[in-house]
There are 2 protein chains.
Amino acid sequence: MEHRIERIKKLLHAQSYKLTPQREATVRVLLEREEDHLSAEDVYLLVKEKAPEIGLATVYRTLELLSELKIVDKINFGDGVSRYDLRKEGAAHFHHHLVCMECGTVEEIVEDLLEDVEKIVERDWQFKVKDHRLTFHGICRKCQQKELE
Amino acid sequence: MEHRIERIKKLLHAQSYKLTPQREATVRVLLEREEDHLSAEDVYLLVKEKAPEIGLATVYRTLELLSELKIVDKINFGDGVSRYDLRKEGAAHFHHHLVCMECGTVEEIVEDLLEDVEKIVERDWQFKVKDHRLTFHGICRKCQQKELE
DNA sequence: AAATCAATTGAGAATCATTCACAAATTATA
DNA sequence: TATAATTTGTGAATGATTCTCAATTGATTT
């Protein structure tokens, strides 16, 4: 954990940003809840537990900054909120998501899976791919089992 | 065009919804601007040209309805607006998008491309895929050429 | 065609997420 | 420690979307 904070600190410093206590608290929340897909509001409430004086705008600003530095990815599952997701250590690409239409659970897929597709897109559309967003909507394992009962 | 309106009319009637003049005007705008990715506001302004009395809320309601009936897909490219995109005739799946990070242009890919990936997801994650969203972010052909100049 | 009932509409208010403005506080640096 | 630049908290402002509700429309039955 500390190691990852250090790395993020360096990334910020490289662009002459500071890792203020507020930013650190925000990053810690993201690290602790890495599996989740927190909205800015969610993050705000969790950070408030560590640093009650923090303001919502600061959380937004921090998330925006981390997003620009590609430390987190901003995603949108279609409910009117942006969610923020830490990039995996050293991952070149954004990971994928499985959103269950029944229960709303979001699973992550870290595997790339899109290498071939990207090659086709680059070749046939002459589009230089820098990043991607892939989300599957469907029924998760648990809900499939429930349906059988 | 008339043929597609008829088809949509039937889809609505099948769920006992009416194709009111306002809804028809909205659908016509979507058909005429099929290549674009219009926001609700965009649609509103265009519909207003045909039917000046229409209200913004009605456009939102219509788009929401068409979205539920899977006649249009609601997408979000990360600027705070939802965009609405007509499904291709008879397409089982949503098409993909190429968003240029330079100029913001959005190209469409109608080809499936994800068949193999979906098989893997269904097999390895036991997730029953119903739909997907795939967007590539990168540099379009035109902007690549500009960079060389 | 008139009566009826539910669906739909327009207008504006309300809500919600996000951004902005700005004075005060903090930080790194000289 | 003084200085300058960043960052912060607060509350107000914005912008997209939804809600409320009375009025209108549309289909259906007589």
Side-chain angles (χ1 to χ4, degrees), chain A residues 8-29 37-69 71-85, chain B residues 8-29 37-69 71-85:
Chain A
I8 289 168
K9 189 171 185 174
K10 275 182 194 137
L11 285 170
L12 285 170
H13 285 166
Q15 312 276 331
S16 54
Y17 291 115
K18 301 164 191 171
L19 184 64
T20 62
Q22 291 90 333
R23 285 177 182 164
E24 186 173 331
T26 306
V27 169
R28 280 185 191 278
V29 164
H37 299 82
L38 304 172
S39 68
E41 186 80 27
D42 294 338
V43 175
Y44 172 60
L45 293 174
L46 290 166
V47 175
K48 242 176 148 36
E49 292 175 8
K50 294 184 199 298
E53 1 61 52
I54 201 168
L56 179 56
T58 301
V59 171
Y60 270 102
R61 283 185 290 234
T62 302
L63 292 171
E64 190 58 36
L65 177 62
L66 295 174
S67 194
E68 273 164 30
L69 299 183
I71 296 166
V72 308
D73 282 297
K74 191 173 173 180
I75 37 174
N76 199 301
F77 293 130
D79 54 347
V81 232
S82 293
R83 298 176 179 281
Y84 299 85
D85 213 356
Chain B
I8 288 168
K9 189 171 183 173
K10 273 181 198 138
L11 285 171
L12 285 170
H13 284 167
Q15 312 277 331
S16 55
Y17 292 115
K18 303 163 190 171
L19 184 63
T20 63
Q22 291 90 334
R23 285 176 182 167
E24 185 173 332
T26 305
V27 169
R28 281 185 191 278
V29 163
H37 299 82
L38 304 172
S39 67
E41 186 80 27
D42 295 338
V43 174
Y44 172 61
L45 292 173
L46 290 165
V47 174
K48 241 175 148 37
E49 292 174 10
K50 294 183 198 299
E53 1 62 51
I54 202 170
L56 179 56
T58 302
V59 171
Y60 269 102
R61 284 186 287 235
T62 302
L63 291 171
E64 191 57 36
L65 177 62
L66 294 174
S67 193
E68 271 165 30
L69 299 182
I71 296 166
V72 308
D73 281 297
K74 190 174 176 181
I75 36 174
N76 197 301
F77 292 130
D79 53 348
V81 230
S82 293
R83 299 176 178 281
Y84 299 85
D85 215 356

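Just so it is clear: chains get the letters A, B, ... in the order the sequence lines come, proteins before strands, and each one is counted from 1.
Take A:Thr58 and apply the side chain to side chain contact (heavy atoms under 4.5 Å, CB included) test, not counting sequence neighbours, and it matches A:Gln22, A:Ile54, A:Arg61, A:Thr62. Residues passing the salt bridge (Lys or Arg N to Asp or Glu O under 4.0 Å) test with A:Lys9, sequence neighbours excluded: none. Residues that satisfy the salt bridge (Lys or Arg N to Asp or Glu O under 4.0 Å) test with B:Lys50, not counting sequence neighbours, are B:Glu32. Residues passing the ring-ring contact (aromatic ring centres under 6.0 Å, His included) test with A:Tyr44, sequence neighbours excluded: none. For the ring-ring contact (aromatic ring centres under 6.0 Å, His included) test, no residue two or more places apart in sequence or in another chain qualifies with A:Tyr17. Residues passing the salt bridge (Lys or Arg N to Asp or Glu O under 4.0 Å) test with A:Asp73, sequence neighbours excluded: A:Arg87, A:Arg133. With sequence neighbours excluded, no residue forms a salt bridge (Lys or Arg N to Asp or Glu O under 4.0 Å) with B:Glu68.
The residue from B:Leu46, B:Val59, B:Leu45, B:Asp42 that alone fulfils the side-chain contact (heavy atoms from CB on, under 4.5 Å) condition with B:Val29 is B:Leu46.
As a whole-Å value, the separation of A:Asn76 CG from D:dT17 C1' is 13 Å. Per the geometry, CD belonging to B:Glu68 stands 11 Å off P belonging to D:dT18, to the nearest Å. Residue B:Leu12 contributes atom CG, which lies 17 Å from atom C1' of C:dA6 at whole-angstrom precision. Rounded to a whole Å, the CG atom of B:Leu63 is 10 Å from the P atom of D:dT18.
Inter-axis angle, ends of the helix from C:dA1-D:dT30 to C:dA30-D:dT1, five pairs per end, rounded to 10 degrees: 30°.
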When every nucleotide of nucleotides 8-18 of chain C is labelled 5' to 3' by its protein contacts under 4.0 Å (heavy atoms), B for base, S for sugar-phosphate only, - for none, what sequence of letters results?
SBBBB----SB
